[in-house]
There are 2 protein chains.
Amino acid sequence: MFSKACVYGLRAALYVATLDKQAFVPIKTISDHLDISFHFLTKILQTLTQHHIMLSYRGPNGGIALARPAEQINAIQIVEAIDGTRLFSDCILDLPGCGTQRPCPMHEQWSRIRSEMKHLLETTTLAGLSERISQFDLRITADEGGLNSPGG
Amino acid sequence: MFSKACVYGLRAALYVATLDKQAFVPIKTISDHLDISFHFLTKILQTLTQHHIMLSYRGPNGGIALARPAEQINAIQIVEAIDGTRLFSDCILDLPGCGTQRPCPMHEQWSRIRSEMKHLLETTTLAGLSERISQFDLRITADEGGLNSPGG
DNA sequence: CCATTTAAAGACTAAATACTCTTAAATCTT
DNA sequence: AAGATTTAAGAGTATTTAGTCTTTAAATGG
Ligand code: SF4
Ligand code: SF4
């Protein structure tokens, strides 16, 4: 469905959003918390900075940060930056040149689901997600935090 | 989303369903009509016969056929035979051990779409699809047939 | 200026996916 | 029995995806 790179990118961006600091967060910090390969994550985040979704800064106290408020970053921007738009054009029977004009027999129902998916990604902002995280004590890290957080 | 093998498998099975002959159809015939590599399609259909979705017969007048009436073969059987069930468990943030118990912030909306997708595949039979093909003059082959079929 | 910290860039390796090719086995026709 | 037709099986290759490692460049602080 989504590539690993895409999933990691989403998780990393969301993690940064939950910190809502002004400061840059080192990629190492993120990769440690999310249990993602540091070097792989570095490449993924490079893509996101190239797409102006994140900012980076080198040197001590450097790292990465959101390029704009979390309200203005939605999931589809990240997905499309990393995986392209193929997800919303590729399809279940994948006939050459198919589409609304020359639909295969699954087109109608399938494209409905596809656009629901797209709509979800379009309306899901990092702000919305991170708000829900704190509101419902959800978790995004690989560790044991979240619902039943450790008491000590 | 779906692997190539899965898409090819669906197309091939649907093609056989539209012929609704009692006879076995040679894989070569299918691969020619659908413009799929013969050898690759052979392997895919082997998987489907191993999963008792199709029958095969060797030698002259041999080929493959549906293992049961097209009404009793639905898309999800083919998808799961070829791609496994990973599609309905893997997910957008793919956290270790996540799920209804320990959901990520996208779980609720995402799992709704996921089950819609599953439901669609469960309720889509080869019979239904092939009926729609003839009813609306849709096309599944790679050639120029279908809506504006060649006049000569 | 030098050492340290950090991301950027790119070469490299590993694994999964998507094919291709060869050989074997079953079946039919003659 | 011989030869043709067709799937089965499995080895082999190519491409893509995933991940590692090394080197370079930018920034900071002493
Ligand atoms: S559902 Fe639509 S886009 Fe997808 S394969 Fe069928 S015709 Fe093409
Ligand atoms: S939507 Fe559900 S299944 Fe998917 S990553 Fe989130 S918690 Fe896991």
Side-chain angles (χ1 to χ4, degrees), chain A residues 1-13 16 21 23-67 79 81-84 86-87 90 94 142, chain B residues 1-13 16 21 23-67 79 81-84 86-87 90 94 142:
Chain A
M1 182 85 77
F2 303 96
S3 70
K4 290 269 184 173
C6 185
V7 169
Y8 294 167
L10 280 164
R11 276 162 62 182
V16 172
K21 292 180 182 175
F24 288 94
V25 188
I27 296 175
K28 188 76 173 69
T29 305
I30 305 172
S31 67
D32 281 352
H33 274 94
L34 300 185
D35 197 30
I36 299 171
S37 147
F38 166 71
H39 289 292
F40 192 30
L41 186 57
T42 296
K43 302 197 94 170
I44 296 164
L45 293 177
Q46 269 171 41
T47 309
L48 293 183
T49 57
Q50 280 155 10
H51 281 80
H52 310 293
I53 292 167
M54 310 202 86
L55 297 174
S56 67
Y57 203 82
R58 301 195 225 200
N61 308 316
I64 64 152
L66 302 182
V79 170
I82 298 172
D83 276 357
R86 146 205 141 284
L87 186 63
D90 270 25
D94 196 24
Chain B
M1 182 84 77
F2 302 95
S3 71
K4 289 268 184 174
C6 184
V7 170
Y8 293 167
L10 279 165
R11 275 161 64 183
V16 172
K21 291 180 183 176
F24 288 95
V25 188
I27 297 175
K28 188 75 174 68
T29 305
I30 306 173
S31 68
D32 281 352
H33 274 95
L34 300 184
D35 198 30
I36 298 170
S37 149
F38 165 70
H39 289 292
F40 192 31
L41 186 57
T42 296
K43 302 200 93 169
I44 296 163
L45 293 177
Q46 269 172 40
T47 308
L48 293 184
T49 58
Q50 279 155 11
H51 281 80
H52 309 294
I53 291 167
M54 308 201 88
L55 296 176
S56 67
Y57 203 81
R58 301 194 224 201
N61 307 315
I64 64 151
L66 302 183
V79 170
I82 298 172
D83 276 357
R86 143 205 142 286
L87 185 63
D90 270 24
D94 197 24

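Every chain is numbered from 1, with letters handed out A, B, ... down the list of sequences. In this text, all values refer to a predicted model and were calculated from it rather than measured experimentally. Side-chain atoms are counted along with the backbone in the values below, which use heavy atoms only and exclude waters and symmetry mates.
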How many Å lie between [atom1] on [X] and [atom2] on [N], as a whole number?
{"X": "Phe38(A)", "N": "dA18(D)", "atom1": "CZ", "atom2": "C1'", "result": "17 Å"}
{"X": "Lys28(A)", "N": "dT4(C)", "atom1": "NZ", "atom2": "C1'", "result": "16 Å"}
{"X": "Arg11(A)", "N": "dA18(D)", "atom1": "CZ", "atom2": "P", "result": "14 Å"}
{"X": "Ile82(A)", "N": "dT17(D)", "atom1": "CD1", "atom2": "C1'", "result": "14 Å"}
{"X": "Arg58(A)", "N": "dT23(D)", "atom1": "CZ", "atom2": "P", "result": "17 Å"}
{"X": "Asn61(A)", "N": "dA26(D)", "atom1": "CG", "atom2": "P", "result": "19 Å"}
{"X": "His39(B)", "N": "dA24(C)", "atom1": "NE2", "atom2": "C1'", "result": "14 Å"}
{"X": "Asp90(A)", "N": "dT17(C)", "atom1": "CG", "atom2": "C1'", "result": "15 Å"}

Are the side chain of Thr29(B) and the backbone of Val25(B) linked by a donor-acceptor contact shorter than 3.5 Å? no

With a 3.5 Å distance limit and no angle check, can you tell me whether Asp83(A) reaches the backbone of Ser3(A) through a side-chain donor-acceptor pair?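 Judged by distance alone, yes, a pair lies under 3.5 Å.
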
Consider the side chain of Pro26(B), meaning its heavy atoms from C-beta on, and name the nucleotide among dT6(D), dA27(D), dA18(D) that approaches it most closely.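 Of the options given, the side chain of Pro26(B) lies nearest dT6(D).
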
Phe40(B) has a side chain; which of dA9(C), dA18(C), dA7(C) sits nearest to it?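 Out of dA9(C), dA18(C), dA7(C), the nucleotide with an atom closest to Phe40(B)'s side chain is dA18(C).
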
Check the phosphate of [N] against [X], side-chain N and O only, distance under 4.0 Å to OP1 or OP2. Yes or no?
{"X": "Ser37(B)", "N": "dT20(C)", "value": "yes"}
{"X": "Gln50(A)", "N": "dA9(C)", "value": "yes"}
{"X": "Thr42(A)", "N": "dA8(C)", "value": "no"}
{"X": "Tyr8(B)", "N": "dA18(C)", "value": "no"}
{"X": "Ser3(A)", "N": "dT17(D)", "value": "no"}
{"X": "Gln46(A)", "N": "dT6(C)", "value": "no"}

Heavy atoms under 4.0 Å, any strand shown: does Ile27(B) hit a base, just sugar-phosphate, or nothing? sugar-phosphate

Given that Pro60(B) and Tyr57(A) both sit by DNA chain C, which one's nearest nucleotide is further toward the 5' end?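 Between the two, 5'-proximity favours Tyr57(A).
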
Assign each of Gly63(B) and Ala5(A) to its nearest nucleotide of DNA chain D by heavy atoms, then name whichever residue's nucleotide is nearer the 5' end. Gly63(B)

Just checking Asp32(B): does its CG atom have more than 12 heavy atoms from other residues, nucleotides or ligands closer to it than 6.0 angstrom? yes

Correct closest heavy-atom pair for Leu41(B) and Ala12(B) would be CD1-CB, 3.9 Å

Quick one: CD1 on Ile36(A) to CG on Leu45(A), what's the gap to the nearest 0.5 Å?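 Taking CD1 in Ile36(A) and CG in Leu45(A), the distance rounds to 8.5 Å.
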
